[in-house]
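Encoded as structure tokens, the structure appears first; notes follow it.
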Amino acid sequence: MPKNTVKLISAEGFEFIIDYKAACVSNTIRNMLSSQGSFTETELGEVKFPEISTPILEKVCQYFYYKLRYQNSTTKNIPEFKVPPEVALELLMAANFLDA
């Protein structure tokens, strides 16, 4: 896998390939990918999340790109990042774990 991409794997085994910069929005993922030693995450550029379901990890990936796009924006018209109420709690727990 190229160093400019990262593979995030959900509990069900679904793979999301995202930009390295987007993945590093999460301090947890950034630390996993940059740790010293021969860890799978560092060597293969992939991180498995056995506790995060596919729909939640998909929403997390969408948020990473949203955050990258708008974090240094000077515009006042930043669109809301919409979260369906039925996934809000699970998404909040994932965001807390990922430090995003």
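These values consider heavy atoms only, across backbone and side chains, with no hydrogens, waters or symmetry-generated copies. The shown structure was predicted, so the numbers you read here are calculated from the model rather than taken from an experiment.
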Kindly write out the residues that satisfy side-chain contact (heavy atoms from CB on, under 4.5 Å) with Ile78, not counting sequence neighbours, or none if the list is empty. Tyr66, Tyr70, Ser73, Thr75
Rounded distance [0.5 Å steps], CD in Gln62 versus CG in Leu91: 9.5 Å
Looking at Glu51, I want to see if its CD is surrounded by more than 12 non-hydrogen atoms of other residues, nucleotides or ligands under 6.0 Å. no
Check the pair Phe16, Lys7 against side-chain contact (heavy atoms from CB on, under 4.5 Å), reporting the backbone distance first and the verdict last. CA-CA 6 Å; Phe16 295 90; Lys7 185 188 299 184; over 6 Å; no
Would you check if the distance from the ring center of Tyr63 to the ring center of Tyr65 is below 6.0 Å? no
List the atom of Ile18, the atom of Cys61, and the distance in Å for their closest heavy-atom pair. CG2-SG, 4.0 Å
Is the NZ or CZ atom of Lys21 positioned over Phe64's six-membered ring, under 6.0 angstrom from the centre and within 45° of the axis? no
Atom of Lys67, atom of Val25 and distance for their closest heavy-atom approach: CG-CG1, 3.7 Å
Run through Thr54, Leu98, Ile9 and flag the one making a side chain to side chain contact (heavy atoms under 4.5 Å, CB included) with Phe49. Leu98
Out of curiosity, does Ile29 fall in the hydrophobic cluster containing Leu68 (side-chain heavy atoms, cut-off under 4.5 Å, transitive links)? yes
So Leu57 and Leu8, do their side chains get closer than 4.5 Å, heavy atoms only? yes
Gap between atom OG of Ser26 and atom CE of Met32 - 0.5 Å precision: 8.5 Å
Of all the heavy-atom pairs spanning Phe81 and Lys59, show the shortest one and how long it is. CZ-O, 3.7 Å
Check for me, please, whether Val83 and Leu92 land in the same ILVMFWY cluster - side-chain distances under 4.5 Å, paths through other members count. no
Taking it one step at a time, do Val6 and Leu33 satisfy side-chain contact (heavy atoms from CB on, under 4.5 Å)? CA-CA 9 Å; Val6 176; Leu33 294 173; 3.6 Å; yes
The complete set of side chain to side chain donor-acceptor pair (under 3.5 Å) pairs with one or both residues in residues 76-94, sequence neighbours excluded, reads Ser53-Glu90
Test item: Thr28 side-chain N/O and Phe97 main-chain N/O as donor-acceptor pair under 3.5 Å: yes
Under a 4.5 Å side-chain heavy-atom rule over Ile, Leu, Val, Met, Phe, Trp and Tyr, are Met93 and Val87 clustered together? no
So which heavy atom on Ala94 is nearest to which on Ile56, and how close? CB-CG2, 3.8 Å
